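So that the names make sense, note that chain A is the first sequence line, chain B the second, and so on, each numbered from 1. Just so it is clear, the model here is predicted, and its values are computed rather than measured. For the numbers below, each heavy atom of this structure counts, side chains included, while hydrogens, waters and symmetry mates do not.
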Protein chains: 2
Amino acid sequence: MTASDPRVGDLTEGAVLRGILERLPASGALVGPGDDAALLAAPDARVVATVDTLVHGPDFRLAWSSSYDLGWKAAAVNLADIAAMGARPTALLVALAMPDDTRLSFVEGLADGLRAACDALAPGCAVEGGDLTVSDTLTIAVTALGTLDGRRPVLRSGASPGDVVAVAGTLGRAQRGLRVLFDRFTDAAGTPVPVDESVLSADERADLSVQLRPAPPVALGARAADAGATAMMDVSDGLVLDASRMAAASGVTVALDSASLGADATSALSGGEDHGLLASFPAGVPLPVGFRAIGEVRPRGADPVIVDGRPFDGRSGWDPYRDWDAGRG
Amino acid sequence: MTASDPRVGDLTEGAVLRGILERLPASGALVGPGDDAALLAAPDARVVATVDTLVHGPDFRLAWSSSYDLGWKAAAVNLADIAAMGARPTALLVALAMPDDTRLSFVEGLADGLRAACDALAPGCAVEGGDLTVSDTLTIAVTALGTLDGRRPVLRSGASPGDVVAVAGTLGRAQRGLRVLFDRFTDAAGTPVPVDESVLSADERADLSVQLRPAPPVALGARAADAGATAMMDVSDGLVLDASRMAAASGVTVALDSASLGADATSALSGGEDHGLLASFPAGVPLPVGFRAIGEVRPRGADPVIVDGRPFDGRSGWDPYRDWDAGRG
């Protein structure tokens, strides 16, 4: 590599931070980055807070994800968790642990991805603090904060029999994108190789985009709350698995209609990582634009989730990373 | 190991979470752990937020630190950052990335340490959320949130010529404790070996305790703010280095008096990781109990920090981890 793209291990923390901060959106905080802590407005005297981590190996391969993709995804998955409470994201804190030989350009790309995701998915939300450390394993832990703007929080536990079950955002595309990566972009030894989008169909490219740069419908979280959503969560681990969590928290059964799930209902039911919003609404309430009905809430039966009236017999998730022994790539 | 102490990789995330949550203090949040995000009170419509990470290798060795120690330290260093703004910590979010073969008892010890640090240093503060992931490298990223209870935040930038410079908490002990570890508890090959406290003097044990389980004066942050502190920060990287940051932010020179720093002024000046509070107060203001004067603020001169009237010629920090190539241990 060139002297113009130094290793972060050869730079001071301050120099790395400057490279990051100048690429981030302007601080909207009362006290932004640079002091011991940030100070953020919490207009309704409450703050919503969540943290989620991307780890090299279990969560991504560097052959497949650019640093821009990683910054985008690390922001997006956390913004979705804030939205799932019915809230509006206001700030991110980013704890970045990376090997000494990480290039400054990589960190800058990550900052660009964080900024782009905030701008696209949650305008007004900015990175207001963080932490840089050295690690053998590239790790991006993002804390997202948000405000309910006076709304009641929408929990997983509020679904009642008779409610309509609805989703916003894509379902199953991220899983199909992951299959594209594992099926098309590994060599004979199973090692990840760089993605060449020119060999993919338009649909495959779209699936891959959702896997690498998910675009959860963040703004619809608050709209769902305003429309009277009784329960909500983001679909991170697969529709059936996440719906079963909502069912357990609410003491109900979620009955899904596979005909409402598009041409590839199997992926929609089992695939995670799209980070769409799963919500329940009282029957008769007009669904907010962007939500579509996919089932209904019933009194608790033998199974937390049923599909077309029967227990779901497919796999409730698909995670090749978990058992995939091909190192980090 | 025994079946009664399973590997976390053999457990569901839910089972690991239960093992953690039952050891943590009761949630004080409006919505605690278990939903997509936590909802916390922010009584004065502002929230203070910070994140700091401990990484296996650069930040700790498992031969030296128990999981209890790591939980304690991960909490303490973040509580200190909240205190340094003049705030009171209210909640932690813990992102824990760990190898599959980590034992459940290790995670339980970590939860015990988190709890003990909150109880001892910031009563009322609890772990209100988090994230568990698999990683080759044990990594503990803690986000701390806090409230100013209506106070103005105390920044690094507010020191004015004529102010008294004061500290609360120990200085230099953590560095001496680190020397004890590297000097006394490595084998001939330089590999860390378990600590045997029985071979240590009472002073060495005290130093070691500050290194492994720092006890920053968290409650004094708000008291310093109430007493009129003009600037404040926590001493994490060494007194001279951190004072130079305060000096730069404030556009002043910090003049320290080594005679005020105890018998081992060298360690006090260069040693980090005690996480005491460095603050400036207007001259004539009674210092809050727990603070002691160590110098004064002067108009900006040639050096950001002077000691006994001269530029500091010692090393401004000592971090054997940085260049120490003995693996993780």
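- Only the side chain of B:Leu30 comes within contact range of chain A, with heavy atoms under 4.5 Å apart.
- Heavy-atom pairs under 4.5 Å with chain A peak, among B:Ala29, B:Ala97, B:Ser157, B:Ala38, at B:Ala38.
- For A:Met246, no part lies near chain B; criterion is any non-hydrogen pair under 4.5 Å.
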Could you walk me through whether B:Leu155 and A:Val31 satisfy the side chain to side chain contact (heavy atoms under 4.5 Å, CB included) test, starting with their C-alpha distance in whole Å, then the side-chain angles of each, then the deciding distance to 0.1 Å, before giving a yes or no? CA-CA 9 Å; B:Leu155 308 183; A:Val31 177; 3.8 Å; yes
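- Heavy-atom pairs under 4.5 Å with chain B peak, among A:Thr137, A:Val55, A:Asp35, A:Thr53, at A:Asp35.
- For B:Leu145, the part lying near chain A is the side chain, with the backbone staying farther off; criterion is any non-hydrogen pair under 4.5 Å.
- The distance from the OG atom of B:Ser135 to the CG atom of A:Leu54 is 11.5 Å, given to the nearest 0.5 Å.
- Between A:Ala141 and B:Ala141, the shortest heavy-atom contact is CB-CB, 4.1 Å.
- In terms of modelled atom types and a separation under 3.5 Å, the side chain of A:Asp52 and the main chain of B:Asp131 share no donor-acceptor contact.
- Of the two parts of B:Leu148, only the side chain, counted from C-beta on, holds a non-hydrogen atom closer than 4.5 Å to a non-hydrogen atom of chain A.
- Checking side-chain atoms of B:Asp36 against main-chain N and O of A:Met85 turns up no donor-acceptor pair under 3.5 Å.
- When heavy atoms are compared at a cutoff of 4.5 Å, B:Thr133 approaches chain A solely by way of its side chain, counted from C-beta outward.
- At a 4.5 Å heavy-atom cutoff, the contact between B:Val51 and chain A is made by backbone and side-chain atoms alike.
- Both the backbone and the side chain of B:Ala49 come within contact range of chain A, with heavy atoms under 4.5 Å apart.
- Comparing A:Glu128, A:Arg156, A:His56 by heavy-atom pairs within less than 4.5 Å of chain B, the highest count is held by A:Arg156.
- Using a 4.5 Å heavy-atom cut-off against chain B, the contacting residues of residues 73-81 of chain A are A:Asp81.
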